[in-house]
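On a predicted model such as this, the values are computed, not experimentally measured, just so you know.
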Amino acid sequence: MPRLSDLGEREILALAIANEEEDGRIYADFAQMLAENYPDSAAVFRAMAAEEESHRRNLIDLFSRRFGAHIPLVRRQDIRGFPMRLPAWRMKTLRLDAIRDQTEEMERDAARFYRVAASRSTDAETRKLLGDLAVVEDGHLHHAQLLRADLLGGGRGEREDESARRRFVLQVVQPGLVGLMDGSVSTLAPVFAAAYATHDSWNAFLVGLAASVGAGISMGFAEALADDGKLSGRGRPLLRGLICGLMTMGGGIGHTLPFLIPAFHLAVLAATAVVVFELLAISWIRWKYQDTPFVSAILQIMLGGGLVFAAGVLIGQG
């Protein structure tokens, strides 16, 4: 695979044209992907795609004047060390701010690469061409930042970020929290009842494992079948069900694993410590994402968890 230093000016200019075309298509794909939920950000990417198309046409005109009408196919993946670009369809899971950051990084990478290539070239004309391309990419980055400030000014960017946060809470945090609460609290009674009834760590572990897996499957199906997400905006039911089921199972297994310790009293002590940590984690998530006062969240969760814990211990000792 050749390096940039192995290319002549004709191939370097052809590579620049291909880069502009590919980046423009990525920005157009971003605009299409974000149009429904984030129209202002989509407008940013449409404007950037138009900029890339304008520079591509200018580069083609320059190439035609110097080398003729035929442009050879030279792509970034054919050049050793050239930064690759992820297509938009592989970035659908990224959050909005991550996509914006990725966009600016694309422009920085291109400018940096052209500048390094220019410093390694011994041909005066090639150095000038690569330096000009670096300036063009710097201009793209500056223009992208201006577009972000202009089109996302007046609080629109903040509103989109808040919309993205609400969507994340609705589609990921909420089903995960429901699962974690159910797994952490509902399995307390059977696990500790089995522990105190048998005074055998292994039996308690088997009961806890069965309760956690069963609760995870049940909660996963319940969440997935409860709402298709089309009207509520809660997202894909399969993803919600998977998140809820895994968090439910994880919440139960957390205080079940300590019963792998053969010493019964040590296992109970470790499991109790894990329970306290789980309840504190639930309280923190409610405070962080659901605007619940932290003290209130702790009191509510600790009270509910404590009652279930006590019920399990009393039943096991009875």
Side-chain angles (χ1 to χ4, degrees), residues 29-30 32-39 41-42 86-102 159-191 208-257 274-275 277-294 296-298 300-301 304-305 308:
D29 287 344
F30 282 162
Q32 179 68 24
M33 186 171 70
L34 299 172
E36 181 178 356
N37 296 319
Y38 308 106
S41 288
L86 283 178
W89 61 268
R90 291 183 57 187
M91 301 173 65
K92 288 184 178 180
T93 58
L94 290 182
R95 296 177 61 182
L96 179 60
D97 55 349
I99 292 177
R100 292 177 188 160
D101 293 341
Q102 176 77 10
R159 289 196 298 271
E160 286 195 354
D161 290 339
E162 179 59 27
S163 175
R165 181 182 181 278
R166 288 196 301 269
R167 193 179 302 275
F168 174 72
V169 170
L170 195 63
Q171 298 179 0
V172 177
V173 175
Q174 189 179 80
L177 181 60
V178 169
L180 183 60
M181 290 176 63
D182 183 86
S184 298
V185 176
S186 68
T187 58
L188 287 177
V191 171
L209 181 63
S212 301
V213 173
I217 294 173
S218 175
M219 288 294 292
F221 273 100
E223 178 64 33
L225 297 176
D227 180 11
D228 62 8
K230 293 180 179 178
L231 295 178
S232 64
R234 298 182 64 213
R236 291 173 291 179
L238 181 60
L239 178 61
R240 292 198 331 270
L242 183 63
I243 292 172
C244 184
L246 289 176
M247 291 301 289
T248 302
M249 186 168 60
I253 287 180
H255 52 255
T256 296
L257 289 176
V274 171
V275 170
F277 175 80
E278 290 171 346
L279 298 181
L280 287 174
I282 292 171
S283 301
W284 182 85
I285 294 172
R286 295 187 65 204
W287 167 75
K288 177 72 174 178
Y289 293 102
Q290 295 188 333
D291 298 323
T292 304
F294 190 64
S296 176
I298 289 180
Q300 293 169 5
I301 295 299
V308 176

- [ ] Could you tell me which residues satisfy side-chain hydrogen bond (donor to acceptor under 3.5 Å, both in side chains) with S296, sequence neighbours excluded, listed by chain and number?
- [x]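 Scan of S296 (side-chain hydrogen bond (donor to acceptor under 3.5 Å, both in side chains), adjacent residues dropped) gives Q300.
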Open item on the list: Restricting to side-chain hydrogen bond (donor to acceptor under 3.5 Å, both in side chains), what partner residues turn up for T187, sequence neighbours left out?
Closed with: H255
Give, for atom [atom1] of [X] and atom [atom2] of [Y], the distance between the pair rounded to the nearest 0.5 Å.
| X | Y | atom1 | atom2 | answer |
| --- | --- | --- | --- | --- |
| I298 | R286 | CD1 | CZ | 11.0 Å |
| T248 | E223 | OG1 | CD | 9.0 Å |
| M249 | L246 | CE | CG | 5.5 Å |

- [ ] Would you check, one step at a time, whether the test side-chain contact (heavy atoms from CB on, under 4.5 Å) holds for L279 with V185?
- [x] CA-CA 8 Å; L279 298 181; V185 176; 4.2 Å; yes
Which pairs of donor and acceptor atoms, one on a side chain in residues 176-184, lie under 3.5 Å apart (sequence neighbours left out)?
unit_1, atom_1, unit_2, atom_2, d
D182, OD2, S186, OG, 3.4
S184, OG, L180, O, 2.8

[X] versus [Y], closest heavy-atom pair with distance:
| X | Y | result |
| --- | --- | --- |
| P237 | A224 | CB-O, 3.2 Å |
| G208 | V191 | CA-CG2, 3.3 Å |
| G252 | S212 | C-OG, 3.0 Å |

Open item on the list: For L238, I'd like to know if atom CG has over 12 heavy atoms of other residues, nucleotides or ligands within 6.0 Å.
Closed with: no
TODO: Using atom types as modelled and distance alone, determine if a side-chain donor or acceptor of R240 lies under 3.5 Å from a backbone N or O of P175.
DONE: no
